Amino acid sequence: MTTQSVEQRRKSDSRSVARRIFRHENATLVIILAALIAGMAIATGGKSAALRNMKMVLVETSTMGICAIGQAFVILTGGIDLSVAGIAFGTSALGSAMMTTQPFQQILGHAAPIWQGIPAMLALGAGLGAISGLVVSRIKVPGLIATLGVWQIAHGVGFFITGGFTITRMVAPLKFFGQGFIPEGGFPVAGIILIAVAVICYFVWHHTVYGQSVFATGGSPGTAYLSGVKVQRMQLSVYIISGLLAALGGTIRTARVMSVSYSSFDGLELQSIAAAVIGGMSLFGGKGNMVGVVLGALMIGVIRNGMSILGADPFLESTVLGVLVILFVGIDTWRRKGH
Amino acid sequence: MTEVAQRPEAEGETARGIARRVVAHENFVIGMVLVGLVAALGGVSRGATLTPSNVANVLLQSSVRGVVAIGQAFVILTANIDLSVAGVGVMAMMMGGAMMTTQWQNILGYSAPLALVIPVMLVVGGGWGSLNGVLVSRLGIPSLIATFGVWQLGYGAAYYVTNGTALMELPENLAAVGSLPAAPIIFFSVGAAAYIVLNHTGFGRNVYAVGGNPVSAFLSGINVRRTYFYVFIISGVLAGLGGLLFLSRGMAASIEALRGLELDSIAACAIGGISLFGGRGNIVGVILGSIIIGVITNAISVMHMGHAARYIIKGAIIIGAVAADIIRRERRR
């Protein structure tokens with residue numbers, strides 16, 4: 001009798017644990033991601049599931065994932081950042097032109113070491129982000145327009161620096177950030193950077209006053225202002241963070257392919273928005289979680305990688321992304337209506 | 001008696017009154033900007049921008065941008081935005097081109113006549129526009145994201161029509177549509193039609209009302225959703241028309257052809273005084289705005305200033321125009 005009830009309780013306990021796992025906000029995403037990986041492995045005859053390829057997916061995803069985390073900051077305040085691809089190109093153009101060993105492409109007259117090149121890139125990214133941030137927070141220009149303009153300006157800066165040419169032959173230590181493994185042959189450095197950025201930003205979102213203020217700004221700017229949140233400063237800061245992370249993402253891709261051309265970052269803004277939206281960020285602001293954004297980026301990375309192994313053309317990729325974005329925003333909108 | 005006494009006074013004021021009314025007109029500033037810009041660029045380039053062939057070139061380029069910007073204006077007047085115009089335009093263009101070409105890409109097996117192809121292109125554009133419309137008006141998806149997705153879909157579909165290759169060897173009678181007398185005439189007649197629709201029909205009033213305040217528009221019995229739906233169809237049809245004009249001007253088209261059109265069309269509206277918050281602005285301003293962008297883009301290429309200048313100037317213009325609009329609105333309050 002007693003044993004039965006204990007057994008029953010155990011059963012119900014394990015059931016409630018299972019239920020809690022399935023009710024978790026990211027459960028659906030994890031299941032979809034697992035299904036995608038399995039599906040792609042079957043479709044490619046196991047090629048996509050090979051360890052070497054999984055590492056490649058992580059390295060390729062890190063640029064998009066880091067940009068998506070920056071994008072998530074902006075979306076959290078109810079804005080949007082279309083300038084991600086432009087800033088990644090503009091900053092990578094600066095960094096590569098500083099660090100290249102080809103004399104006729106050097107803007108400094110010598111090849112700068114990475115401790116000069118990378119900080120310069122990050123600073124330019126933050127500066128370009130600050131333009132959007134100031135225009136949005138001070139003049140109240142919609143984020144869409146401000147970042148559309150900054151996208152063009154950053155792209156123009158990149159063109160100005162590179163002269164429209166492809167820059168190659170950067171200094172060798174740069175490779176470490178895109179092609180390095182810790183230990184040798186082990187975990188990719190780019191993946192570590194992505195995880196580190198995600199962990200730091202998770203902490204910032206959920207365990208700092210700043211993070212709570214960003215959430216409050218997105219949820220209801222008026223209420224946030226009345227409760228003492230400096231709304232303008234929050235808006236400025238998220239665009240700076242997004243610009244900074246776009247530059248970091250640009251650094252990693254530059255280090256991975258060791259060349260920069262004006263089309264290197266095409267589509268990054270759509271991919272980063274897609275990752276954020278698939279990961280559960282609400283475009284109306286004030287709702288979202290960091291783990292979801294990283295999972296969203298990984299999903300897109302797995303899809304892109306699988307499709308390129310299958311030999312699908314790049315336009316099909318963007319079509320799939322377009323459908324996914326509309327689908328996930330549609331679900332979010334439908335949910336908000338109270339279904 | 002009093003009437004007679006007043007009449008000469010009134011007549012004396014009309015000349016000054018007309019002048020004052022011209023200066024106070026909403027499009028006076030932008031008109032002056034256009035005139036000043038043309039004069040300044042003509043001077044700086046030592047007349048290179050003012051040669052008849054170059055002026056014709058500006059008009060032809062502005063026609064493509066202009067018809068699309070007019071469609072964009074309808075959408076922006078309802079406080080939405082249409083980022084899909086380039087994707088939709090390319091899709092319509094590739095569809096039409098693939099019906100007419102004499103190359104292997106022909107999807108019908110014979111070169112279809114122009115009278116069939118032109119309506120098909122406009123309908124294709126309208127169809128994609130209605131997809132935007134359904135997503136925005138029925139599902140309530142923010143127009144920014146809905147049209148962003150449809151933009152990608154349009155490019156993907158265009159790719160499948162042509163397999164990613166450039167379309168060439170189009171029938172010669174197509175060239176007439178995009179060349180000198182026809183293209184600007186189409187542009188200005190579309191402008192005139194849009195002016196009449198916006199200012200002298202019930203639908204036009206609804207567009208302004210919905211953009212100004214959707215809730216009060218709804219409460220006064222306007223079908224807000226249907227208005228959203230229609231403006232996206234209009235924008236889609238005009239994007240298709242833009243694709244037609246582009247195709248017939250160049251007589252060849254690649255998938256990259258209309259890249260950047262969404263930015264140009266939004267910028268034309270912003271410069272032309274269409275408020276991005278909806279409900280305010282007029283079509284004449286949009287036409288002038290499209291021509292201003294055409295003049296600037298053309299001058300940059302005539303003076304060989306390069307891609308960098310083109311991107312930076314365009315980015316600065318779009319932010320500047322919207323910021324000016326917002327600052328002006330705040331002053332008025």
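So that the names make sense, note that chain A is the first sequence line, chain B the second, and so on, each numbered from 1. These values consider heavy atoms only, across backbone and side chains, with no hydrogens, waters or symmetry-generated copies. Predicted model, so just to flag it, every value in this text is computed and none were measured.
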Q: Can you label the angle between the A:Phe159 ring and the B:His307 ring as parallel, tilted or perpendicular, going by 30° and 60°?
A: tilted
Q.
When you measure from the side chain of A:Ser264 to the backbone of A:Val260, do you find a donor-acceptor pair of N or O atoms at a distance under 3.5 Å?
A. no
**Q.** B:Ile313 portion near chain A, given a 4.5 angstrom heavy-atom threshold
**A.** neither
(Q) Between B:Tyr155 and chain A, with a heavy-atom cut-off of 4.5 Å, which part of the residue counts as in contact: side chain, backbone, both or neither? (A) both
Q. Is it the backbone or the side chain of B:Ile317 that comes under 4.5 Å from a heavy atom of chain A, or both, or neither?
A. neither
Q) Which answer fits B:Ile318, side chain, backbone, both or neither, if we ask what part of it has an atom under 4.5 Å from a heavy atom of chain A? A) both
(Q) Could you tell me if A:Gln235 and A:Ser137 have a donor-acceptor pair between their side chains, going purely by distance under 3.5 Å? (A) no
Q.
Taking every non-hydrogen pair under 4.5 Å, which of A:Gly156, A:Gly267, A:Gly164 racks up the most with chain B?
A. A:Gly156
Q | Leading residue by heavy atom contact count with chain A [cutoff under 4.5 Å; candidates B:Leu135, B:Ile145, B:Ile266] | A | B:Ile145
Q | Donor-acceptor pair between B:Asn132 and B:Ser84 side chains, under 3.5 angstrom | A | yes
Q) Is it the backbone or the side chain of B:Leu144 that comes under 4.5 Å from a heavy atom of chain A, or both, or neither? A) side chain
(Q) Donor-acceptor pair, distance only, cut-off 3.5 Å: does the side chain of A:Ser92 make one with the backbone of A:Ala88? (A) yes
Q: Go through the atoms of B:Ala146 and report whether side chain, backbone, both or neither lie under 4.5 Å from a heavy atom of chain A.
A: backbone
Q. Non-hydrogen atoms of chain A under 4.5 Å away: do they reach the side chain of B:Arg138, the backbone, both or neither?
A. backbone
Q: Give a yes or no on whether the ring-centroid distance for A:Phe89 and A:Tyr262 is below 6.0 angstrom.
A: no
